[in-house]
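Just the heavy atoms: all of them, side chains too, but no hydrogens, waters or symmetry mates, feed the values below. Every number for a ligand or one of its atoms is a count from 1 in the order of the listing. All figures in this text were calculated on a predicted structure; none of them were measured in a lab. All residue numbers refer to positions in the sequence shown, counting from 1.
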Amino acid sequence: MSLRRILRRIKIFDTTLRDGEQCPGASMNKEEKLTVARQLAKLNVDIIEAGFPIASEDDFEGVKLIAQEVKGSVIAGLARARKEDIERAADAVSSAERSRIHTFIATSEIHMLRKLKMSREEVLEAAVAAVKIARQFTDDVEFSAEDASRSDMDFLCTVIEAAIKAGAATINIPDTVGYALPAEFGELISQIINKVPNIDKAVISVHCHNDLGLAVANSLSAVLAGAGQVECTINGIGERAGNASLEEVVMALKTRGQFFNADTNINTHEIYKASRMVSTITGMVVQPNKAIVGANAFAHEAGIHQDGLLKDKRTYEIMTPESVGISTHKLVLGKHSGRHAFKNKLSEMGFSLTDEEINKAFERFKRVADQKKEVFEEDIDAIVTDEIYRIPERYVLKHIYVESGSDTTPTATVELEIEGTSIKNVSAGDGPVDATYRTIKTITETASHLLSYEVKAITGGTDAFGEVTVRLEEGGRTVVGQGADTDIIVASAKAYLNALNRLAYKKGGVKY
Ligand code: KIV
Ligand code: ZN
């Protein structure tokens with residue numbers, strides 16, 4: 001018997017587009033959600049939770065679009081244990097190849113008493129009714145006992161048993177507030193398996209939040225105890241401190257498959273691209289030391305480590321960067337590469353773009369290839385994310401000219417197009433970026449405050465692509481913007497404008 005056959009296959013339920021999108025500043029429009037969902041399908045995630053359809057018209061439309069367009073994965077919609085929520089979710093996922101309705105109600109005393117103002121009996125009744133209503137639309141119904149890890153064990157087991165009897169095929173055990181500890185959470189799953197008589201009729205799922213930094217550890221402990229599905233998000237984004245990170249759960253199971261006696265169906269080579277895409281689209285920057293996808297995850301600094309690696313990579317590497325789709329600065333194209341070669345490279349890298357998008361990306365590639373001697377896969381990745389995965393713009397950068405040096409006051413002249421009208425201005429500043437930002441602030445008359453500004457080089461060398469990330473706040477709303485260019489001042493201007501465009505979108509200033 002092959003090794004693969006004897007490993008338990010753990011289902012990966014991705015909730016980047018629902019719980020992930022709930023984190024401050026990470027909201028996506030429906031086209032962006034579709035782009036991410038397509039990448040999740042390439043990753044082979046078993047279930048994509050595409051949104052919470054009753055939450056807003058935009059959410060409904062996003063789930064509907066994904067259900068229509070994305071094949072391969074089950075498409076799920078979230079619903080509270082209420083008829084109108086379930087019907088809305090059912091409508092949104094109805095055109096999916098395979099659909100799931102995920103309904104939930106809280107089972108902890110604090111949530112029932114203070115939030116729901118419902119008795120145990122009322123919660124039990126609502127849970128059963130919700131599963132039965134959902135089953136009228138699909139056989140694939142998931143029930144979540146929100147705040148399960150802080151619920152009374154006997155009551156939790158009663159609700160689970162009743163939900164399975166009503167037709168739930170998956171029972172999700174959330175650690176909603178990230179309170180559980182790994183040994184304790186594993187024990188909770190074991191107890192559910194021992195105490196719920198019909199538990200063999202359902203898959204046990206876990207959904208862990210990261211408030212104590214234990215979301216991945218708790219999820220893995222649950223897998224050891226018998227959970228068959230893990231809910232997670234790309235880069236671990238989500239409410240507050242986030243959710244269990246998909247890439248960490250998947251690579252732990254892959255790297256230590258023998259220990260867990262488990263594996264997933266994930267195409268790990270698509271992980272890095274998914275991480276970059278989610279980071280660019282949401283503006284949620286990945287910390288450099290983040291496991292699996294951080295910039296330093298495979299960087300070896302110490303001499304002893306480098307020496308060991310040269311002798312045998314396995315001395316300091318428990319998995320390869322290639323296994324998660326990180327290319328190690330592969331030179332791909334140059335100044336003389338034509339559109340055909342560029343198009344082939346894009347499809348080799350897994351991008352499926354329309355002809356119009358290819359043309360747009362190719363024009364930018366030509367400009368970059370003129371400036372840079374060598375163009376790497378990472379540069380192409382940056383070009384595509386910068387040119388294609390961008391929200392429609394209220395503020396379009398037309399020109400920028402900056403004067404700066406040791407003996408001159410930095411000044412920036414910027415020309416923007418705003419709703420078809422060109423506006424030009426000039427300002428001085430403490431440095432070239434400050435001058436640029438002052439000019440943009442004057443032209444756009446923005447009331448937002450700059451909370452942070454970060455710059456990083458995508459490839460090595462002074463001609464590298466620089467990627468700038470800014471965080472802005474206005475009226476309690478936080479947004480993040482990113483921009484990439486070989487000129488760091490241009491990248492800075494783009495990042496600022498990207499954030500301002502996100503603010504405009506959130507205020508409803510741009511129609512999609
Ligand atoms: O954290 C949580 O409890 C949730 C549920 C809706 C599954 O997100
Ligand atoms: Zn959650």
Side-chain angles (χ1 to χ4, degrees), residues 11-24 26-27 45-56 59 63 74 76-82 85-86 88-89 92-93 100-112 114-116 123 126-127 130-131 134 140-151 155-156 159-160 163 168-180 185 188-189 192 202-216 218-219 222 227-246 249 284:
K11 290 188 188 191
I12 294 296
F13 176 114
D14 181 277
T15 183
T16 306
L17 298 171
R18 199 277 298 170
D19 219 333
E21 211 234 2
Q22 279 173 226
C23 78
S27 63
V45 307
D46 297 279
I47 302 106
I48 298 173
E49 185 163 56
F52 190 4
I54 195 96
S56 68
D59 232 316
V63 178
V74 172
L78 183 69
R80 285 167 300 184
R82 296 181 185 184
D85 277 40
I86 297 167
R88 194 79 173 136
V93 297
R100 171 177 294 193
I101 296 174
H102 176 194
T103 184
F104 73 100
I105 191 163
T107 51
S108 66
E109 290 303 321
I110 179 99
H111 276 235
M112 291 189 293
R114 312 292 297 181
K115 183 184 80 173
L116 299 173
V123 165
V131 173
D140 191 347
V141 173
E142 171 169 333
F143 171 75
S144 281
E146 191 189 6
D147 207 15
S149 54
R150 294 194 301 166
S151 301
F155 178 61
L156 178 64
V159 176
I160 294 173
T170 305
I171 294 293
N172 185 35
I173 309 298
D175 180 27
T176 302
V177 289
Y179 179 73
F185 197 62
L188 172 63
I189 303 303
I192 290 171
V203 173
I204 300 181
S205 170
V206 288
H207 175 112
C208 297
H209 279 270
N210 207 28
D211 300 66
L212 292 173
L214 295 170
V216 171
N218 285 337
S219 306
Q229 174 176 294
V230 175
E231 304 198 355
C232 42
T233 59
I234 301 290
N235 299 337
I237 65 169
E239 280 275 357
R240 308 180 308 279
N243 290 60
S245 130
L246 179 145
V249 170
M284 299 289 297

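Taking the side chain as every heavy atom from C-beta outward, Asp85 and Thr103 never approach each other to under 4.5 Å. No side-chain heavy atom of Phe104 sits under 4.5 Å from any side-chain heavy atom of His207.
The CZ atom of Arg80 sits 11.0 Å away from atom CD of Glu146, with the distance rounded to the nearest 0.5 Å.
Between the side chains of Asp175 and Ser149, at least one donor N or O sits under 3.5 Å from an acceptor N or O. Of the N and O atoms on the side chains of Asp147 and Thr176, not one donor lies less than 3.5 Å from an acceptor on the other residue.
With sequence neighbours excluded, the residues that form a side chain to side chain contact (heavy atoms under 4.5 Å, CB included) with Val203 are Thr170, Gln229. Considering only residues two or more places apart in sequence or on other chains, Phe52 meets the ring-ring contact (aromatic ring centres under 6.0 Å, His included) condition with none of them.
A salt bridge does not link Glu231 with Arg18: every distance from a Lys NZ or Arg NE/NH1/NH2 to an Asp or Glu carboxylate oxygen is 4.0 Å or more.
Counting non-hydrogen atoms of other residues, nucleotides and ligands closer than 6.0 Å to OH of Tyr179 gives a total of 12 or fewer.
Distances from the Zn ion (ligand 2) under 2.8 Å pick out these protein N/O/S atoms: Asp19 OD2, His207 NE2, His209 NE2.
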Distances only, to 0.1 Å: what are the N or O pairs between ligand 1 and the protein that fall under 3.5 Å?
residue: ligand 1; atom: 1 (O); partner: His207; partner atom: NE2; Å: 3.1
residue: ligand 1; atom: 1 (O); partner: His209; partner atom: NE2; Å: 3.0
residue: ligand 1; atom: 3 (O); partner: Thr176; partner atom: OG1; Å: 2.6
residue: ligand 1; atom: 8 (O); partner: Arg18; partner atom: NH1; Å: 3.4
residue: ligand 1; atom: 8 (O); partner: Arg18; partner atom: NH2; Å: 3.0
residue: ligand 1; atom: 8 (O); partner: Asp19; partner atom: OD2; Å: 3.1
residue: ligand 1; atom: 8 (O); partner: His207; partner atom: NE2; Å: 3.1

